There are 2 protein chains.
Amino acid sequence: MLPEKTIERLSKYRRYLLEKLEQQEEYLYSHELAAALHLTPEQVRRDIMLIGYTGTQRKGYSIKELIEVISKILDGDNKINAVIIGMGHLGKAISNYFSIKRSNIEIVAAFDIDSSKVDRIISGIKSYHVDNLDLIINETDAKIAILTLSPAGAQDITDQLVYAGIKGILNFTSVTLRVPEDVYIENYDMITSLEKVAYFVKENINNEGTL
Amino acid sequence: MLPEKTIERLSKYRRYLLEKLEQQEEYLYSHELAAALHLTPEQVRRDIMLIGYTGTQRKGYSIKELIEVISKILDGDNKINAVIIGMGHLGKAISNYFSIKRSNIEIVAAFDIDSSKVDRIISGIKSYHVDNLDLIINETDAKIAILTLSPAGAQDITDQLVYAGIKGILNFTSVTLRVPEDVYIENYDMITSLEKVAYFVKENINNEGTL
DNA sequence: AAAACAATGTTATTTTAATAACAATTATTT
DNA sequence: AAATAATTGTTATTAAAATAACATTGTTTT
Ligand SMILES: NC(=O)c1ccc[n+]([C@@H]2O[C@H](COP(=O)([O-])OP(=O)(O)OC[C@H]3O[C@@H](n4cnc5c(N)ncnc54)[C@H](O)[C@@H]3O)[C@@H](O)[C@H]2O)c1
Ligand SMILES: NC(=O)c1ccc[n+]([C@@H]2O[C@H](COP(=O)([O-])OP(=O)(O)OC[C@H]3O[C@@H](n4cnc5c(N)ncnc54)[C@H](O)[C@@H]3O)[C@@H](O)[C@H]2O)c1
């Protein structure tokens, strides 16, 4: 099992590599990738070593091959399906983002409780009423859920998702969810990110010149 | 200077503590906080030690006091102002989220290039045309910017922001931004979060029972 | 008032992650 | 064809973060 941080970086590497591939580039060096993502070349090389790929000295890494190796790690043999719950502002932003930046995770269905947002296609994703949750998750064999619904319904929906066989949740609601041990949860809160930025901005301003 | 990870957790602690305060609770134990946020009690106690607060043994931490101490760390003496660039789906979701969950960072202005989204108030935030960027940032003394605009304009806007005196950026565009050393950037990409969830879901499924 | 208990605060240890160092190798130049 | 330069792959070192251990102390019970 690879370190969490390496997994995060691999995802970023792949996104950058895909851009380069579109620009018809064939090879790249560890220091290019590092510079683009604000990392060190050593770290890039170490990550690539860990996934067992080797480039050619003096020439760098084959972009095409590296993408393939990373994809094998991140995607495994078969693709993985996801659903999204709550098609408000955030849900739409994410759906739309996924339809543009392709990833090997496919969002196969969206759900909402509001009948005006249901039974239509939004950013290429079919939207269903939450009453069909269990049915559609089983039909599509989705294993991941993205939660962008109102906080009030979050725990209740989570219980239903777990029952339906969801094994990973990306949670954008501010609710702290209770799930069985074998369900992996990743919480994300923009306020935390922003407060972190604020803290380091303040530290920087205070220490101006003293570093 | 406190560790990055501690800062992230402090933000989460505060959010949880504020909830508890609203429920009229007075004290809480390290293990309660830990359980709620999927951490260990040791880590909670260590973080609290690092910020120099002490609870009372057998009784736990005073919720009110702990919030005050964390706020002093995260907010410092004076509040910090932020602006948001791009009032599309994501920009609106964030503005709205901030107007509900209060934080001591204030979003003082929003900007967009689309005249139909400009010169009105969205989720309590006044929205301006980007042409006024420099003017408004100076007037409001904003130090942080949240980027939720279309990728195409991101680097150009960033240059303007830096020129106007912005010192911290929370970047949601997929563009890798170039900034001077004294500007702190936090990049966030949902695809990375989701691919991380997918990876650990797969690992879990593969290792079922073998752990 | 004494004893038992249950929580904190802090130091020590372990684990994980990042950085650095450098030998091996492969293109390129002379 | 030999020398040079530049980049990789890997091991060693350092730094950061998390966990564990445990002595200390305030609270409760008897
Ligand atoms: N973590 C973050 O950084 C962050 C940022 C912004 C918003 N949020 C949160 O994300 C969520 C969505 O934000 P938004 O701005 O899109 O809000 P929104 O009100 O625009 O959208 C919420 C959607 O969820 C639907 N919904 C409500 N209850 C439901 C249920 N039981 N089942 C299915 N659908 C249901 C609503 O009909 C609506 O379409 C909120 O919980 C908000 O607090 C989090
Ligand atoms: N990081 C992530 O996880 C994530 C998720 C979703 C979307 N995104 C990105 O966030 C951005 C916004 O997404 P969205 O769904 O809200 O898109 P959107 O198209 O709904 O909104 C973009 C807004 O930016 C405005 N804009 C364009 N150029 C501008 C400029 N030069 N100055 C000011 N405003 C400008 C547009 O008028 C529009 O209102 C996009 O870059 C998208 O790729 C990132």
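Residue numbers begin at 1 in each chain, while the letters A, B, ... track the order of the sequences. Quick caveat, the model's predicted, so the values are computed rather than measured.
- Put simply, CZ on A:Arg46 is 10 Å from P on C:dA17, counting in whole angstrom units.
- Comparing D:dG9, C:dT11, C:dA18 against the side chain of B:Met49 picks out C:dT11 as the nearest.
- Relative ring orientation between A:Tyr184 and B:Phe200 is described as parallel, the plane-to-plane angle staying below 30° on a 0-90° scale split at 30° and 60°.
- Ionic pairing of A:Glu106 and A:Lys79 is not present here: no N-O contact between side-chain nitrogen and carboxylate oxygen is shorter than 4.0 angstrom.
- Nearer to the 5' terminus of DNA chain C, by closest-nucleotide assignment, is the contact made by B:Leu28 (compared with the other of A:Glu42 and B:Leu28).
- Of the residues near DNA chain D, A:Gln57 and B:Lys59, the one whose nearest nucleotide (by heavy atom distance) lies more toward the 5' end is A:Gln57.
- Among the protein residues, A:Thr54 comes within range of the sugar-phosphate backbone only, with heavy atoms under 4.0 Å from sugar or phosphate atoms but none that close to a base.
- Rounded to whole Å, the distance from CZ on B:Arg58 to C1' on C:dA4 is 9 Å.
- At a threshold of 4.0 Å, the pair B:Lys143-B:Asp141 counts as salt-bridged, since one of the basic side-chain nitrogens sits closer than that to a carboxylate oxygen.
- Using a 4.0 Å heavy-atom cutoff across all strands shown, A:Ser30 reaches sugar-phosphate atoms only and no base atom.
- A:Tyr27 places its OH atom 9 Å from the P atom of C:dA27, with the value rounded to the nearest Å.
- Aromatic pair B:Tyr61/B:Tyr29: centroids not less than 6.0 angstrom apart.
- Rounded to an integer number of Å, the gap from CZ of B:Arg45 to P of D:dT24 is 16 Å.
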